[in-house]
There are 2 protein chains.
Amino acid sequence: MNFKGKRQPVTIPRAAKTLRRTRIQEEKEEQILEAALDVFSASGFRGSTIDQIAEVAGMSKPNLLYYFRTKEAMHRALIDRVLYTWLEPLRAFDAEGNPETEIRSYIRRKLEMARDFPRESRLFANEVLQGAPHIEDELKGPLKELVDEKAEVIRAWAKSGKIVKCDPYHLIFSIWSTTQHYADFDVQVRAVLGQEHSGEGRFEDAARFLEQLFIGGLRPDPLGG
Amino acid sequence: MNFKGKRQPVTIPRAAKTLRRTRIQEEKEEQILEAALDVFSASGFRGSTIDQIAEVAGMSKPNLLYYFRTKEAMHRALIDRVLYTWLEPLRAFDAEGNPETEIRSYIRRKLEMARDFPRESRLFANEVLQGAPHIEDELKGPLKELVDEKAEVIRAWAKSGKIVKCDPYHLIFSIWSTTQHYADFDVQVRAVLGQEHSGEGRFEDAARFLEQLFIGGLRPDPLGG
DNA sequence: TGTAATGTTTACCAATCGGTCAAATTATCC
DNA sequence: GGATAATTTGACCGATTGGTAAACATTACA
């Protein structure tokens, strides 16, 4: 039952003999992924080293590799764990709701995520920026499908005159980019705003501005055009 | 006059003896920076290797290091060369012009740059995303000053009722993020749009949407509030 | 055309990279 | 408490990293 003569942790898929996960396994994998999030989000996949992650996680390198057999496996596990949560706000986008409040609260939620989970945002930003070599399937599959679905909702709103006629995909892109900007380009935002305006209040300012921009920009044309 | 006993190329600042740059120096430095842009923009600083750059540039590693003594020096030279051009659109932002046309053409210009110089966009995105360890000074200095200046223009427009009252800094951030998104997150945009809509026409679609969004979102409140 | 300055390459270095191994340690369960 | 399985570690491996030394080739210029 052993693989290549070496015992493997329960994370690795294998025969049904040891399905139960140890308490230690839960804890350590948690610890490792937490450290991996720190490192990968700060340096990207190629720029990160197992040693860095090991140090942040407070354990030896071979110990990491006992739980995740390769650097890629760690990255993969991290992506898998984070992706679902990351798409939650878009999934919550409700077709039945009022367009204005739906868009408003989508912006709010995305902005809150940029504030509360900047590492997750940067993890994906790094990945996509460098050509998404590890998440191409997720982008073309689940992500595209979700966006297609929500785009249809937006298109219907536009058609019925509840919002202005516009390209729903580019609308979604613009909400993604403006909100995630505050996580991904945080140091730039801070540098430009200076000490006085780069405190926590900047998220309130950003929310106010973005809501104003999108609500105003999407308000249906009074001429009915 | 030699440094550490080894001859140095004219790129390295030194005594005034050889101020002239050879034709070969011009060409090779050009070649190297072109290759460096390819590699750094695709993998970030840490994730890039001198060997990669050497291969793309079509020359040997020691030959690269003859022109730029370290990896950092190459990166620095590249940033210096590209930064000025990159800020050109914002610099062209004219206080005397009409707000609507100024904003419209700023968006156009930024979008054109995202289309025509995606590597430059990703170079900075990578750098900022990873904490801007090499360009912190540029962000806090020249960039901040330029943005401060243009923010004042926008604030004046808002005050005089030419556009809606809004935070000029967040307005600038939102134009940056929405336009650069098409360069930095290109693979994601393509993945979501699918084959049929991810051709060159997507920049026209993006321009149309963004102009609609910003012009509509910034139109002064008819109630005069 | 000779020669000094400039440019290029091969061979190499120490450090770090991702990853392995076997031995030692700890937890689990009868 | 002892056997057994799970966990942890130090020592190590070959490959790659950024960078160097010095010999060799080419260019510019008198």
Side-chain angles (χ1 to χ4, degrees), chain A residues 1-12 14-32 35-36 39-40 43-55 57-77 134, chain B residues 1-12 14-32 35-36 39-40 43-55 57-77 134:
Chain A
M1 209 55 48
N2 284 348
F3 186 69
K4 277 191 182 171
K6 194 180 183 186
R7 272 178 275 100
Q8 291 301 327
V10 221
T11 314
I12 309 299
R14 75 224 161 293
K17 198 168 187 182
T18 351
L19 269 179
R20 222 170 58 254
R21 285 161 58 100
T22 321
R23 170 187 53 88
I24 293 183
Q25 275 166 30
E26 304 260 15
E27 289 175 5
K28 288 298 163 85
E29 284 170 19
E30 174 68 36
Q31 241 180 79
I32 292 170
V39 175
F40 282 134
S43 305
F45 182 78
R46 291 217 48 193
S48 301
T49 71
I50 302 183
D51 297 82
Q52 285 175 354
I53 300 172
E55 194 187 332
M59 50 177 102
S60 67
K61 179 167 65 171
N63 203 4
L64 281 208
L65 291 165
Y66 172 72
Y67 291 99
F68 299 94
R69 280 171 53 210
T70 63
K71 185 179 159 185
E72 295 230 10
M74 276 180 40
H75 191 253
R76 171 107 300 243
H134 305 96
Chain B
M1 209 55 49
N2 284 347
F3 186 68
K4 275 190 183 173
K6 193 180 183 187
R7 273 177 278 102
Q8 292 301 326
V10 220
T11 313
I12 309 302
R14 74 219 162 295
K17 199 168 188 181
T18 350
L19 269 179
R20 220 169 60 254
R21 284 161 58 100
T22 321
R23 170 187 54 88
I24 294 183
Q25 275 167 30
E26 305 261 14
E27 289 175 7
K28 289 297 165 86
E29 284 171 17
E30 174 67 35
Q31 241 181 81
I32 293 170
V39 176
F40 281 134
S43 306
F45 182 78
R46 288 218 50 191
S48 302
T49 71
I50 302 184
D51 297 82
Q52 285 175 356
I53 300 172
E55 194 186 332
M59 50 177 102
S60 68
K61 180 167 66 171
N63 203 3
L64 282 208
L65 291 164
Y66 173 71
Y67 292 99
F68 298 95
R69 279 172 52 210
T70 64
K71 185 179 159 187
E72 295 230 11
M74 277 180 40
H75 191 253
R76 171 108 302 246
H134 305 96

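In what follows, every chain begins at residue 1, and chains take the letters A, B, ... in the order their sequences are listed. All figures in this text were calculated on a predicted structure; none of them were measured in a lab.
For the pair B/Gln31 CD and C/dG7 P, the computed distance is 13 Å after rounding to whole Å. Per the geometry, CG belonging to B/Leu64 stands 12 Å off C1' belonging to C/dT8, to the nearest Å. Across the protein-nucleic acid pair, A/Glu55 atom CD and C/dC17 atom C1' stand 15 Å apart, rounded to whole Å. Distance CZ (B/Phe68) to P (C/dT8): 13 Å, rounded to an integer number of Å. When rounded to the nearest whole Å, the span between CZ of A/Phe45 and C1' of C/dG18 equals 10 Å. When the P atom of D/dT17 is taken as reference, atom CD1 of B/Ile50 falls 10 Å away, rounded to whole Å. To the nearest angstrom, C1' of D/dG18 lies 13 Å from CD of B/Gln52. Counting to the nearest Å, the P atom of D/dG19 and the CZ atom of B/Arg69 are 10 Å from each other.
No side-chain heavy atom of B/Arg76 sits less than 4.5 Å from a side-chain heavy atom of B/Thr70. Between B/Val39 and B/Glu55, every side-chain heavy-atom pair lies at or beyond the 4.5 Å cut-off. Within the 4.5 Å cutoff, side-chain heavy atoms of B/Tyr67 are placed close to those of B/Asn63.
Counting all heavy atoms, side chain and backbone alike, B/Ile53 lies closest to B/Ala35 at O-CB, 3.6 Å.
A/Ser60 comes within 4.0 angstrom of a base, heavy atoms only. Across all strands, B/Lys61 comes closer than 4.0 Å to base atoms (heavy-atom distances).
The phosphate of C/dT9 (OP1 or OP2) has no side-chain N or O of B/Tyr66 nearer than 4.0 angstrom. Phosphate proximity of D/dA6 to A/Gln25: absent, as no side-chain N or O sits under 4.0 Å from OP1 or OP2. In terms of phosphate contacts, B/Lys28 brings no side-chain nitrogen or oxygen within less than 4.0 Å of OP1 or OP2 of C/dT6.
Of the listed nucleotides (C/dT8, C/dG18, D/dT8), C/dT8 has the atom at the smallest distance from the side chain of B/Tyr67. Taking the side chain of A/Asp51 as heavy atoms from C-beta on, and the options C/dG19, C/dC17, D/dT8, the nearest nucleotide is C/dC17.
Heavy-atom distances to DNA chain D give each of B/Thr49 and A/Asn63 a nearest nucleotide, and the one nearer the 5′ end belongs to A/Asn63. Looking at which nucleotide of DNA chain D each of A/Arg46 and A/Gly58 is closest to, the 5′-most match is held by A/Gly58.
Ring geometry for A/Phe45 against A/Phe40 counts as parallel: the plane angle stays under 30°, on a 0 to 90° scale with 60° as the upper cut.
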